[in-house]
Amino acid sequence: MVTNWINFFAPPNTPKPVIDKINAALVKCVAREDVRAQFLKLLVTATSMPGPEAFQKFVASEYARYGSLVRERGIVIGE
């Protein structure tokens, strides 16, 4: 099964307190019923991860998953 996901990324050296503040704001936003309702109008189920570290692991696993698929299939991007 393939899922789409959207998130925010920050430069590598962004201080952890800044990342934590942004993450807390995003989690709070996604938890709002009015925001969730707007996403549902677009047929999107809005969720959040337990924290930035969990998202880093998720991105790494997605990169590994789809990276190997791209290499196996010989898919070339950006020609």
Query - Hydrophobic cluster (4.5 angstrom, side-chain heavy atoms) - remaining members for Ile19 - result: none

Query raised in the report: Which residues, ordered by chain and number, are linked to Leu40 in its hydrophobic cluster, where ILVMFWY side chains connect at heavy-atom gaps below 4.5 Å, directly or through other members?
Result: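 In the cluster with Leu40 there is nothing else; it is isolated.
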
Requested in this report: Scan for salt bridge (Lys or Arg N to Asp or Glu O under 4.0 Å) pairs involving residues 14-25, sequence neighbours excluded, and state none if there are none.
Outcome: Lys16-Asp20, Lys16-Glu53

For [X], which residues count as a side chain to side chain contact (heavy atoms under 4.5 Å, CB included) partner, sequence neighbours excluded?
X	value
Arg73	Leu69, Ile75
Pro15	Pro17, Val18
Thr47	Thr45

Query - Neighbour count above 12 (heavy atom, 6.0 Å) for Leu42 CG - result: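 Correct, the count exceeds 12.
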
Requested in this report: Check ring-ring contact (aromatic ring centres under 6.0 Å, His included) between Phe9 and all other residues, then give those that pass, not counting sequence neighbours.
Outcome: Phe55

Query raised in the report: How would you list, by chain and number, every residue that makes a ring-ring contact (aromatic ring centres under 6.0 Å, His included) with Phe58, sequence neighbours excluded?
Result: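 With neighbours one apart ignored, the set is Trp5.
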
Query raised in the report: Roughly how far, to the nearest 0.5 Å, is CD of Glu72 from OG of Ser68?
Result: 5.5 Å

Under 3.5 Å, sequence neighbours excluded: what are the donor-acceptor pairs made by side chains of residues 23-35?
unit_1 : atom_1 : unit_2 : atom_2 : d
Arg32  : NE     : Asp34  : OD1    : 2.9
Arg32  : NH2    : Asp34  : OD1    : 3.2
Arg32  : NH2    : Asp34  : OD2    : 2.4

Query raised in the report: If only atom types and distance count, is the side chain of Thr14 paired as donor or acceptor with the main-chain N or O of Ala10 below 3.5 Å?
Result: no

Query raised in the report: Any ring pair (Phe, Tyr, Trp, His ring centres under 6.0 Å) pairs touching residues 11-30, not counting sequence neighbours?
Result: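 As it turns out, there is no ring pair (Phe, Tyr, Trp, His ring centres under 6.0 Å) pair with a partner in residues 11-30 once direct neighbours are skipped.
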
Report summary line: residues 25-52 vs ring pair (Phe, Tyr, Trp, His ring centres under 6.0 Å), sequence neighbours excluded, gives none

